[in-house]
Amino acid sequence: MIYTRAHLEALDRSDPLARFRDAFSLPPGVIYLDGNSLGAMPKATPARVARVVNEEWGKSLIRGWTDHQWIDLQHRIGDKIGRLIGARPGETLAADSTSINLFKLLSAALHARPGRSVILSETGNFPTDLYIAEGLVNLLGKDRQLVTVPSEDLLDHLDSSVAVVMLTHVNYRSGLMHDMARITKAAHAVGALVLWDLAHSAGAMPIDLTAIDADLAVGCGYKYLNGGPGAPAFLYINKRLQPDFQPALSGWLGHDAPFAFEPSYRPAPGISRGIVGTPPILSLAALEIGVDLLLEAPMAAIRDKSCRQGEIFAALVRQELGAYGFTIISPQDATLRGSQVSLSHPNGWPIMQALIAHGVIGDYRAPNVLRFGFTPLYLGYSELWDVIAILKQVMNEAVWERTEYQRLAKVT
Ligand SMILES: *Cc1c(COP(=O)(O)O)cnc(C)c1O
């Protein structure tokens, strides 16, 4: 079919998620397709953070840990995130950054599989995941190794040398989505654990870690969970693994009796042993607002809208931009695609800079990828039309060739 703006306006009028847009603060004149990198700010966040600062910290001081339950916040928010990813209560914790959580869970996974030397991952995994694994392997010494293979070859490399398979569910660059159930089952069949990175899927689609009998997972608080820049991340440890989970970062708040100030470490029972040190209460307060908003929305409707938005966006690229040399690198089949559509173009960087200057915020991933993320809670269908119209103008009038769009920034 040929799409028109009127088609998309009609979809906006019947959108069951339309009411959520008003819960977010978005600057006028901006179309935001980068919620997969930094989610938008819920309107309720500033007041909540101000209350924690002025009332809880300002007036309760140290009593806040008890009077305002700061000490339980990581568990409370963790369990809320757990509901988004199909975890049972007591399996999810809001904590640290995704990178740190990867280290914590990978090291524990290696410990739980003595005699197995390999962390198996894919070549195109997100860099921090691979870097953290490299660092851990270097720390632990000669007999451990990180093996990376192209994603289509993963199952061929599963054998009794593999301690843990570490994969990102949705690839950050292409949006290609792994079959979590199938890979988890195959890894279990050879006695390996699986660590899933849900950075690009938690809050974007239904996930059921319990149904697939997942082992370990991590994910991001500042992407689809809308927790704010540098928001605490989360970690998940299946209950069946918790008793054998040996923390390498054995900090005092993960101790069985932190306030007994014992001379040596004994891990707390349950998910608490995933805690390292004092949690960032202001950041957790902001994260909770984002998570609460997501819990109000039916996840099936979020996924449904995200798939349609991806399909429409790709169709509009084909319909309107055929002359300009873009290649759609995301899977065509929505069941294999996360909540983004990525295009490659040899002039990806200046084109994205020109788009951003014209109010369309997506992002660029080296060497040539323009990435457009769909966040159904606050992105409308007709905005997709406007994005394509602006992109067409940028190409048609060679706007991107201007010198101001050529300079590479420190953060991309
Ligand atoms: C965004 C992202 C991260 C981010 O890690 P930080 O420690 O928060 O910087 C990690 N892994 C993946 C797959 C990501 O997409």
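In this text, all values refer to a predicted model and were calculated from it rather than measured experimentally.
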A.B. asks: At their closest point, which heavy atom of Ile302 faces which heavy atom of Ala204, and how far apart are they?
C.D. replies: CG2-O, 3.7 Å
A.B. asks: Is there side-chain contact between Leu8 and Leu316, with heavy atoms separated by less than 4.5 Å?
C.D. replies: yes
A.B. asks: Contact between Val276 and Lys104 at the side-chain level, heavy atoms closer than 4.5 Å - yes or no?
C.D. replies: yes
A.B. asks: With the side chain counted from C-beta on, respond yes when Thr148 and Ser121 share a heavy-atom pair under 4.5 Å apart, and no when they do not.
C.D. replies: yes
A.B. asks: Anything under 30° is parallel, anything over 60° is perpendicular, the rest tilted; go ahead and classify His345 against Phe326.
C.D. replies: tilted
A.B. asks: With a 3.5 Å distance limit and no angle check, can you tell me whether Ser342 reaches the backbone of Arg173 through a side-chain donor-acceptor pair?
C.D. replies: yes
A.B. asks: What do the steps show when you test Glu134 against Arg144 for salt bridge (charged side-chain N to carboxylate O under 4.0 Å, His left out), and what is the final call?
C.D. replies: CA-CA 10 Å; Glu134 262 182 65; Arg144 311 289 186 164; over 6 Å; no
A.B. asks: Compare all side-chain heavy atoms of Trp196 with those of Leu216 and state whether any distance is below 4.5 angstrom.
C.D. replies: no
A.B. asks: Check the angle between the aromatic planes of Phe372 and Phe313 and answer parallel, tilted or perpendicular using the 30° and 60° thresholds.
C.D. replies: tilted
A.B. asks: Would you call Lys59-Glu55 a salt bridge at under 4.0 Å N-O?
C.D. replies: yes
A.B. asks: Please determine whether a side-chain nitrogen of the Lys or Arg among Arg273 and Asp256 lies less than 4.0 Å from a carboxylate oxygen of the Asp or Glu.
C.D. replies: no
A.B. asks: Has Trp65 got more than 12 heavy atoms of other residues, nucleotides or ligands less than 6.0 Å from its CH2?
C.D. replies: yes
A.B. asks: Please step through side chain to side chain contact (heavy atoms under 4.5 Å, CB included) for the pair Asp197 and His169, ending with a clear verdict.
C.D. replies: CA-CA 6 Å; Asp197 187 332; His169 180 212; over 6 Å; no
A.B. asks: Decide yes or no for Leu384 and Gln309: does some side-chain heavy atom of the first lie under 4.5 Å from some side-chain heavy atom of the second?
C.D. replies: yes
A.B. asks: Can you tell if the side chain of Ile100 reaches within under 4.5 Å of the side chain of Ile132, non-hydrogen atoms only?
C.D. replies: no
A.B. asks: Is there a side chain to side chain contact (heavy atoms under 4.5 Å, CB included) between Ile31 and Asp386? Walk through the geometry before answering.
C.D. replies: CA-CA 8 Å; Ile31 304 179; Asp386 300 336; 3.6 Å; yes
A.B. asks: If we ignore hydrogens and angles and just use 3.5 Å, is the side chain of Arg116 paired with the main-chain N or O of Ala163 as donor and acceptor?
C.D. replies: no
A.B. asks: Take Arg337 and Glu311 through the salt bridge (charged side-chain N to carboxylate O under 4.0 Å, His left out) test and state the conclusion after the steps.
C.D. replies: CA-CA 10 Å; Arg337 191 179 63 225; Glu311 184 184 298; 5.9 Å; no
A.B. asks: Begin with the C-alpha distance, continue with both residues' side-chain angles, and end with the deciding distance and a verdict on ring pair (Phe, Tyr, Trp, His ring centres under 6.0 Å) for Trp400 and Tyr405.
C.D. replies: CA-CA 6 Å; Trp400 62 271; Tyr405 302 135; 9.7 Å; no
A.B. asks: Between Ser272 and His75, do the side chains contain a donor N or O and an acceptor N or O under 3.5 Å apart?
C.D. replies: yes
A.B. asks: Around atom CD of Gln319, are there more than 12 heavy atoms of other residues, nucleotides or ligands at under 6.0 Å?
C.D. replies: yes
A.B. asks: Using 0.5 Å steps for rounding, measure from the CG atom of Leu293 to the NZ atom of Lys43.
C.D. replies: 11.0 Å
A.B. asks: So Ile289 and Leu287, side chain to side chain contact (heavy atoms under 4.5 Å, CB included) or not? Walk me through it.
C.D. replies: CA-CA 5 Å; Ile289 297 287; Leu287 173 61; over 6 Å; no
A.B. asks: For atom CG of Asp22, is the number of surrounding heavy atoms from other residues, nucleotides or ligands below 6.0 Å larger than 12?
C.D. replies: no
A.B. asks: Are Phe245 and His111 side-chain neighbours, meaning at least one heavy-atom pair lies under 4.5 Å?
C.D. replies: no
A.B. asks: Looking at Glu397 and Lys392, is any side-chain nitrogen of the basic one under 4.0 Å from a carboxylate oxygen of the acidic one?
C.D. replies: no
A.B. asks: Starting at CG of Leu136, measure out to CE of Met166 and round the result to the nearest 0.5 Å.
C.D. replies: 9.5 Å
A.B. asks: Would you check, one step at a time, whether the test side chain to side chain donor-acceptor pair (under 3.5 Å) holds for Asp143 with Ser117?
C.D. replies: CA-CA 6 Å; Asp143 57 329; Ser117 57; over 6 Å; no
A.B. asks: Side chain to side chain donor-acceptor pair (under 3.5 Å) between His68 and Ser60: does it pass, once the steps are laid out?
C.D. replies: CA-CA 8 Å; His68 300 292; Ser60 296; 2.8 Å; yes
A.B. asks: Roughly how far, to the nearest 0.5 Å, is NE2 of His7 from CG of Asp12?
C.D. replies: 13.5 Å
A.B. asks: Applying salt bridge (charged side-chain N to carboxylate O under 4.0 Å, His left out) to Arg365 and Asp363, what does each step give before you reach the verdict?
C.D. replies: CA-CA 7 Å; Arg365 286 294 172 262; Asp363 65 21; 3.7 Å; yes
A.B. asks: Between Ile119 and Gln145, is there a side-chain heavy-atom distance shorter than 4.5 Å?
C.D. replies: no
A.B. asks: Determine, for Arg88 against Asp79, whether the closest basic-nitrogen to carboxylate-oxygen distance falls under 4.0 angstrom.
C.D. replies: no
A.B. asks: Can you confirm if the NZ or CZ of Lys223 lies within 45° of the ring axis of Phe126 and under 6.0 Å from the centre of its six-membered ring?
C.D. replies: yes
A.B. asks: Using only atom types and a distance under 3.5 Å, with no angle test, would you say the side chain of Glu9 pairs donor to acceptor with the backbone of Ser382?
C.D. replies: no
A.B. asks: Got a second to check how far Leu209's CG is from Met180's CE, nearest 0.5 Å?
C.D. replies: 5.0 Å
A.B. asks: Is it true that Glu91 and Lys239 make a salt bridge, defined as a side-chain N closer than 4.0 Å to a carboxylate O?
C.D. replies: no
A.B. asks: What heavy-atom pair brings Ser330 and Ser174 nearest, and what distance separates the two atoms?
C.D. replies: OG-O, 2.7 Å
A.B. asks: Starting from the C-alpha separation in whole Å, work towards a yes-or-no answer on side chain to side chain contact (heavy atoms under 4.5 Å, CB included) for Asn226 and Met41.
C.D. replies: CA-CA 6 Å; Asn226 305 312; Met41 184 181 78; over 6 Å; no
A.B. asks: Between Phe234 and Lys80, is there a cation-pi geometry (under 6.0 Å to ring centre, at most 45° from the normal)?
C.D. replies: no
A.B. asks: Decide, yes or no, whether a salt bridge links Arg240 with Asp215 under the criterion of side-chain N to carboxylate O below 4.0 Å.
C.D. replies: yes
A.B. asks: Can any side-chain N or O of Thr375 pair as donor or acceptor with the backbone N or O of Tyr378 at less than 3.5 Å?
C.D. replies: no
